[in-house]
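Right, one structure below, let's go through it.
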2 protein chains.
Amino acid sequence: MRTTVHDVASAAGVSVSTVSRALTGGRVSPATRETVLRAAERLGYRPNRAAQGLITGRTGNLGLIVPDLRNPFFADVAKGVTARARSVDHGVFISDTDEDVAAELEAVASLGRNTDGLLLCSPRAGDAELLEVADPAATVLVHRRVPGMLSVVADIADGTRQAIGHLRALGHRRVAFVAGPEDSWAGRQRLAGLAGDDTEIVRVGPVAPSFQGGVLAGDLVLAGPATAVLAYNDLVAVGLLHRLAARGVAVPERMSVVGYDDISLALMSHPPLTTVTVPKERAGVAALELLLRRIGGAGGPGRPEAAPREAGITLPTSLVVRASTGVAPS
Amino acid sequence: MRTTVHDVASAAGVSVSTVSRALTGGRVSPATRETVLRAAERLGYRPNRAAQGLITGRTGNLGLIVPDLRNPFFADVAKGVTARARSVDHGVFISDTDEDVAAELEAVASLGRNTDGLLLCSPRAGDAELLEVADPAATVLVHRRVPGMLSVVADIADGTRQAIGHLRALGHRRVAFVAGPEDSWAGRQRLAGLAGDDTEIVRVGPVAPSFQGGVLAGDLVLAGPATAVLAYNDLVAVGLLHRLAARGVAVPERMSVVGYDDISLALMSHPPLTTVTVPKERAGVAALELLLRRIGGAGGPGRPEAAPREAGITLPTSLVVRASTGVAPS
DNA sequence: ACCGTTTGCGGATACGTTTGCAACGTCCCG
DNA sequence: CGGGACGTTGCAAACGTATCCGCAAACGGT
């Protein structure tokens, strides 16, 4: 049988309420607090989170919902989240939705009940669906912006600008853009960075945000006039690289390739991938802190923010140039 | 305010106990059950897990502890686990220990209190430490065997045997073996497959089980006489491949490379990697089912197994031959 | 020495749910 | 036609913890 506060109370010769106060930092005399702590230690007492949660209304748990754990981007975010969560003694539920909107909404609904707050990582659902099922007061979005909800995003449009600038400097005038899942928010941001530029953009796709999607995109890109390509993310870029290699197209001599995210794979590809890097773990950490502050967790001294006028945080991106981009063929 | 069973009860015109029975499958007449379910649906009722857990003693949550989420091997296992867990309506805490033994033990201790059971994925801690802190009755090991605990492992020794057979058939007589973290169980299994073979084995390492570890191993291997190398896992193998390419060593003409795990990266490497494939998601699913059966979850009709004489499950492995292995140089 | 204030502590209550127990009908069989 | 069995339902007691409230004692100031 597990030891409860009652056991500790009788062992220390005090009442249960005194034990509770001694443990949670209420008003107790130093002497009795010492006695209680010693008894608790000796009995190996650990509070029952369920019972605590029942009365305080908070579980000490958070939920993280991602489209695909296999995608290193989300693995990195998850790593940042879990590390930071451990340091503030919170548990993290992780739910992998397999890029499925219905599964995602279901996860939000079911996880939302049993946690203090939710972290939604580039959710696939529409704005309206999201607002309907998620509590804006206890949710932070990552890599997506929805009016009325807090979010942590990277300045992807700027990343695109840098990438295009880089390609133009290398002489490219026609650039293919491989789109990801159906006009996702992140996808639109990528495109937003192209506005006002006179580079000719050839849209390709959409394709799945995976290696296979990239392979598929390879042939589509080659069918067009582009001399360079912006892929939806690094996975797609690497798939593309493979298809180009298989068809004997030299990179970067005949075709330059740029990805997004800078996952570790970008460094391992052949050739190493030029990509728009975004701070993934940092995004996870920032989102968690934002959430804790929002729900009045262990974040700061103040209580839950009554009027969160801020829309969230925007992290910087930057282009890291490797070997997959070069001067345009003449 | 959240809707509780009381709300449902008054909405359906019955008592709370009837609501509870209707929802948990107790003895209720079909008519009232229908009424209750409809009311619950209409109000969007979700039971409070904390309250449920308080009385039933089970939380409906499980813990999954992995050394590194960034490693696709663990991401795959996690995917299998979370998918299956959702289908039986269980939550999954995931904790990333960063390959750190102390963090791992801490995670086991703290997660162990708030969950019904734990899944330990290739834990780095020693047998004794593990047995001290984990409850054998509510823990399943993945990719590791410890006497007295249930586990799901792959027949890695057999995989090694297949790999060595493959290399011998190609004419290799001296094979380097790149070891991973300090004599890990999985590492010893890899070596176990070599017993009784007259192939000369050159031990290298240990190195970190990562891309960088592989880069490091590359030079070590080249300093020896081996014409082929068995890398601790695919990440190491790919790092090795890169280092070999950087030093102008042709693969597989001058050196053959074999990995373990068959993560998706193996297909994307250059050249595509010959590797020992292990069923990762299946391992996660199997481990979860074993755990549920053990703790009497939603697995089967029987109650918790009183005398678990079985040590666990062994899954088959097989060698998948790609382009990183070839005939030995003369 | 007296009174107002603070401090330390125990008792009781509440959180939302499951479940044992008892009461109520209804049906069947003797 | 009466009595026992059974299926269905409500009442109340738990589960382990935090916290409100009340009481006694200690304390400080006049």
Side-chain angles (χ1 to χ4, degrees), chain A residues 1-37 39-40 43-61 89 91 110 112-116 296-298 303, chain B residues 1-37 39-40 43-61 89-91 112-116 296-298 303:
Chain A
M1 213 50 175
R2 282 188 53 160
T3 68
T4 77
V5 299
H6 291 91
D7 304 326
V8 178
S10 56
V14 297
S15 74
V16 290
S17 38
T18 302
V19 173
S20 175
R21 273 189 293 257
L23 264 35
T24 58
R27 282 187 335 198
V28 204
S29 79
T32 48
R33 156 165 292 137
E34 182 61 24
T35 314
V36 170
L37 289 183
L43 297 178
Y45 168 74
R46 299 277 181 136
N48 182 330
R49 294 293 275 258
Q52 278 187 132
L54 189 53
I55 187 150
T56 62
R58 40 191 34 189
T59 61
N61 296 329
D89 199 33
S110 107
R113 312 276 170 171
N114 310 313
T115 58
D116 297 343
R303 59 210 157 295
Chain B
M1 213 49 177
R2 281 187 52 161
T3 68
T4 76
V5 311
H6 291 92
D7 303 327
V8 178
S10 57
V14 297
S15 72
V16 290
S17 40
T18 302
V19 173
S20 174
R21 274 188 287 258
L23 263 35
T24 59
R27 282 185 339 200
V28 203
S29 78
T32 48
R33 154 165 292 134
E34 182 61 24
T35 313
V36 171
L37 290 183
L43 296 178
Y45 168 75
R46 300 278 179 135
N48 182 331
R49 293 297 270 262
Q52 276 187 136
L54 190 53
I55 186 150
T56 61
R58 38 191 36 189
T59 61
N61 296 330
D89 199 31
H90 275 241
R113 315 271 171 173
N114 311 315
T115 58
D116 297 344
R303 62 209 155 295

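Note on naming: letters A, B, ... go to the chains in the order of the sequence lines (proteins, then strands), and numbering restarts at 1 for each one. All heavy atoms count here, side chains included; hydrogens, waters and symmetry mates do not.
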*asked:* Side chain of B/Ser20, heavy atoms from C-beta onward: which of C/dT19, D/dT17, D/dG10 has the nearest atom to it?
replied: C/dT19
*Base, sugar-phosphate, or nothing: which does B/Val28 touch, judged by heavy atoms less than 4.0 Å apart?*
sugar-phosphate
*asked:* Of the listed nucleotides (D/dG10, C/dT19, D/dT17), which one gets closest to any side-chain atom of A/Ala51?
replied: D/dT17
*Base, sugar-phosphate, or nothing: which does A/Ser29 touch, judged by heavy atoms less than 4.0 Å apart?*
sugar-phosphate
_Whole angstroms only, please: what is the CZ-C1' distance between A/Arg2 and D/dA14?_
17 Å
*Check every atom of C/dG10, C/dG16, D/dG10 against the side chain of A/Ser15 and return the nucleotide holding the closest atom.*
C/dG10
*Value in whole Å for how far the C1' atom of D/dC15 lies from CG of A/Asp7*: 14 Å
*Round to a whole Å and report the spacing from CG of B/Leu54 to C1' of D/dA18.*
13 Å
*What's the closest nucleotide to the B/Thr56 side chain, out of D/dC21, C/dT18, C/dT17?*
C/dT18
_Short side-chain to backbone donor-acceptor contact, B/Ser20 and B/Val16, under 3.5 Å_ = no
*B/Arg58 has an atom CZ; how far is it from atom C1' of D/dC15, in whole Å?*
15 Å
*asked:* Distance check needed: D/dT19 P versus A/Arg21 CZ, whole Å only.
replied: 11 Å
*Interatomic distance where CG belongs to B/Asn48 and P belongs to D/dG16 [whole Å]*: 16 Å
_Any side-chain donor near an acceptor of the partner, B/Asn61 and B/Thr115, under 3.5 Å_ = no
*Taking for each residue the nucleotide of DNA chain C with the nearest heavy atom, is it B/Ala50 or A/Arg33 whose nucleotide lies nearer the 5' end?*
A/Arg33
*Rounded interatomic separation in angstrom, taking NE2 from B/His6 and P from D/dC11*: 11 Å
*Mind listing the closest non-hydrogen atom pair of A/Arg113 and B/Arg2 along with its distance?*
O-NH1, 3.0 Å
*asked:* Can you see if the side chain of A/Thr32 gets near the phosphate of C/dC9 - specifically, an N or O under 4.0 Å from OP1 or OP2?
replied: yes
*B/Thr24 side chain N/O closer than 4.0 Å to the phosphate oxygens (OP1, OP2) of C/dT17?*
no
*asked:* From the set D/dA18, D/dT9, C/dT17, return the single nucleotide nearest to any side-chain atom of A/Ile55.
replied: D/dA18
_Should the side chain of A/Arg49 and the base of D/dG16 be counted as holding a donor-acceptor pair, with the cut-off at 3.5 Å?_
no
*Look at the side chain of A/Ser17 and the base of C/dG10, then say whether one donor and one acceptor between them are separated by less than 3.5 Å.*
yes
*When rounded to the nearest 0.5 angstrom, what is the spacing between CG in A/Asn48 and CG in B/Asn114?*
8.0 Å
*For A/Val16, which contact category applies under a 4.0 Å heavy-atom criterion: base, sugar-phosphate, or nothing?*
nothing
*B/Arg27 side chain: which of C/dT17, D/dT17, D/dT8 is closest?*
D/dT8
*So do B/Arg33 and B/Val36 actually touch side chain to side chain, heavy atoms under 4.5 Å?*
no
*Residue B/Pro30, side-chain atoms from C-beta onward, closest of C/dC9, D/dT17, D/dT8*: D/dT8
*Send over the distance from B/Leu23 CG to C/dT17 P, rounded to a whole Å.*
9 Å
_B/Leu23 and B/Tyr45, any side-chain heavy atoms less than 4.5 Å apart_ = yes
